[in-house]
Amino acid sequence: QVQLVESGGGLVQPGGSLRLSCAASGSIFSVNAMGWYRQAPGKQRELVAAITTGGNTNYADSVKGRFTISRDNAKNALYLEMNSLKPEDTAIYYCAADQNWFALVSGTGVGYWGKGALVTVSS
């Protein structure tokens, strides 16, 4: 199995930046796709960004140009650089991983989840 632990969440002002990290451990060889999901108050969980071991990426339209996902395979780490943050970005952000790209992107049958990190964008 794979364990995922997020870090880097917190309070930031609108227009500010924040970097989330996800440390993966366990059977890393089984993980091909990793990504970030988020769930805001009163809303459904949505995909923020995803990346494969080869570096192929996918972003939600709402974060394109503002967020950047990256992966360090040697360190088994996943990152999300969040810039120009808006109040609507406030949510619990979850690190996710799966051996199947389509399962990760669709959000159905995702194999592994972190417990989440709270990001609050407010003045």
Side-chain angles (χ1 to χ4, degrees):
Q1 61 179 348
V2 175
Q3 295 80 45
L4 305 173
V5 181
E6 303 96 338
S7 62
L11 174 65
V12 63
Q13 295 184 0
S17 299
L18 204 63
R19 189 191 192 193
L20 298 179
S21 298
C22 174
S25 61
S27 302
I28 308 302
F29 65 88
S30 67
V31 175
N32 176 53
M34 297 187 72
W36 296 92
Y37 275 79
R38 69 183 181 186
Q39 186 166 23
K43 296 183 178 180
Q44 297 295 316
R45 184 180 63 190
E46 65 175 351
L47 175 70
V48 178
I51 187 170
T52 67
T53 54
N56 295 321
T57 59
N58 182 268
Y59 293 93
D61 290 338
S62 60
V63 306
K64 287 182 178 178
R66 299 190 298 120
F67 292 9
T68 301
I69 188 171
S70 61
R71 180 174 181 174
D72 188 332
N73 295 325
K75 296 182 179 180
N76 298 322
L78 180 72
Y79 307 98
L80 184 67
E81 183 69 33
M82 309 164 70
N83 301 310
S84 302
L85 284 163
K86 306 174 182 179
E88 49 263 45
D89 292 319
T90 296
I92 297 176
Y93 285 71
Y94 298 91
C95 180
D98 200 281
Q99 63 182 5
N100 185 279
W101 168 257
F102 294 103
L104 189 284
V105 173
S106 68
T108 59
V110 174
Y112 309 100
W113 294 96
K115 292 185 177 181
L118 177 63
V119 173
T120 302
V121 184
S122 176
S123 298

Participant: Any idea which heavy atoms bring Ser84 and Ser17 closest together, and the distance?
Facilitator: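 Residues Ser84 and Ser17, closest heavy atoms: N-OG, 4.4 Å.
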Participant: What is the minimum heavy-atom distance between Val110 and Ala96, and which atoms define it?
Facilitator: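 The pair with the smallest heavy-atom distance is CG1-CB, 4.0 Å.
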Participant: Side-chain heavy atoms under 4.5 angstrom apart, residues restricted to Ile, Leu, Val, Met, Phe, Trp, Tyr: same cluster for Leu104 and Val31?
Facilitator: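 Hydrophobic grouping puts Leu104 apart from Val31.
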Participant: I need the minimum non-hydrogen distance between Val48 and Tyr93, along with the two atoms involved.
Facilitator: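 Closest approach of Val48 to Tyr93, heavy atoms only: CG2-CE2, 4.1 Å.
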Participant: Can you confirm whether Leu4 sits close enough to Leu78 that some side-chain heavy atom of one is under 4.5 Å from a side-chain heavy atom of the other?
Facilitator: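 Not in contact.
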Participant: Answer yes or no: is there a donor N or O on one side and an acceptor on the other, between the side chain of Asp98 and the main chain of Gly111, under 3.5 Å?
Facilitator: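 Flag set: sc Asp98 to bb Gly111 pair under 3.5 Å.
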Participant: Does any non-hydrogen side-chain atom of Phe67 lie less than 4.5 Å from one of Leu85?
Facilitator: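 Yes, close enough: below the 4.5 Å cut-off.
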Participant: Please report the closest heavy-atom contact between Met34 and Ala97, naming both atoms and the distance.
Facilitator: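 Distance-wise, the nearest heavy atoms are CG-CB, 4.0 Å.
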Participant: Can you tell me how far OG1 of Thr68 sits from CE of Met82, rounded to the nearest 0.5 angstrom?
Facilitator: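 Those atoms lie 11.0 Å apart.
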Participant: Would you check if Asp89 and Arg66 make a side-chain contact, meaning some heavy-atom pair closer than 4.5 Å?
Facilitator: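 Yes, at least one pair of side-chain atoms sits under 4.5 Å.
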Participant: Which distance, rounded to the nearest 0.5 Å, do you find between the CZ of Arg38 and the CD1 of Ile92?
Facilitator: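 CD1 of Ile92 is found 12.5 Å from CZ of Arg38.
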Participant: Any non-hydrogen side-chain atom of Phe102 less than 4.5 Å from a side-chain atom of Thr108?
Facilitator: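 The answer is no, as the side chains (C-beta and beyond) never meet within the 4.5 Å cut-off.
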Participant: State yes or no: do Leu20 and Val2 share one hydrophobic cluster built from I, L, V, M, F, W and Y residues joined by side-chain heavy-atom distances below 4.5 Å, directly or via other members?
Facilitator: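 Yes: a chain of side-chain contacts under 4.5 Å links Leu20 to Val2.
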Participant: Under a 4.0 Å threshold between the charged nitrogen and the carboxylate oxygen, would Glu6 count as salt-bridged to Lys115?
Facilitator: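 A salt bridge is absent here (no side-chain N lies under 4.0 Å from a carboxylate O).
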Participant: Between Trp113 and Tyr94, how do the two ring planes meet: parallel, tilted or perpendicular, split at 30° and 60°?
Facilitator: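 Aromatic pair Trp113/Tyr94 classed perpendicular.
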Participant: Would you tell me whether Asn32 and Thr52 have side-chain atoms, one donor and one acceptor, within less than 3.5 Å of each other?
Facilitator: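 Result is no, nothing qualifies.
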Participant: So, using side chain to side chain contact (heavy atoms under 4.5 Å, CB included) as the criterion, who are the partners of Thr120 when residues are at least two apart?
Facilitator: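 Residues passing side chain to side chain contact (heavy atoms under 4.5 Å, CB included) with Thr120: Leu11, Thr90, Leu118, Ser122.
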Participant: Is there a chain of hydrophobic side chains (I, L, V, M, F, W, Y, each step under 4.5 Å between heavy atoms) that links Tyr112 to Val105?
Facilitator: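 They do not share one cluster, since no chain of ILVMFWY contacts under 4.5 Å joins Tyr112 to Val105.
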Participant: Tell me whether Tyr37 contacts the main-chain N or O of Ala49 through its side chain, where contact means a donor paired with an acceptor under 3.5 Å.
Facilitator: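 Checking the backbone N and O of Ala49 against the side chain of Tyr37, no donor-acceptor pair under 3.5 Å is found.
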Participant: Could you report the tightest heavy-atom contact between Ala103 and Gly109, atom names first, then the distance?
Facilitator: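 Distance-wise, the nearest heavy atoms are CB-O, 4.3 Å.
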Participant: When you compare the side chain of Arg71 with that of Thr53, does any pair of heavy atoms fall below 4.5 Å?
Facilitator: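 Yes - at least one pair of side-chain heavy atoms lies under 4.5 Å apart.
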Participant: Test of understanding: clusters of I, L, V, M, F, W, Y form through side-chain heavy atoms closer than 4.5 Å, transitively. Do Trp36 and Val12 belong to the same one?
Facilitator: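 Yes: a chain of side-chain contacts under 4.5 Å links Trp36 to Val12.
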Participant: As an exercise, state the distance from SG of Cys22 to CD of Gln3, rounded to the nearest 0.5 Å.
Facilitator: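 One gets 11.0 Å once the value is rounded to the nearest 0.5 Å.
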Participant: Identify whether Tyr79 and Ile69 are in the same connected component of the hydrophobic contact network (ILVMFWY, side-chain heavy atoms under 4.5 Å).
Facilitator: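 Result: no, two separate clusters.
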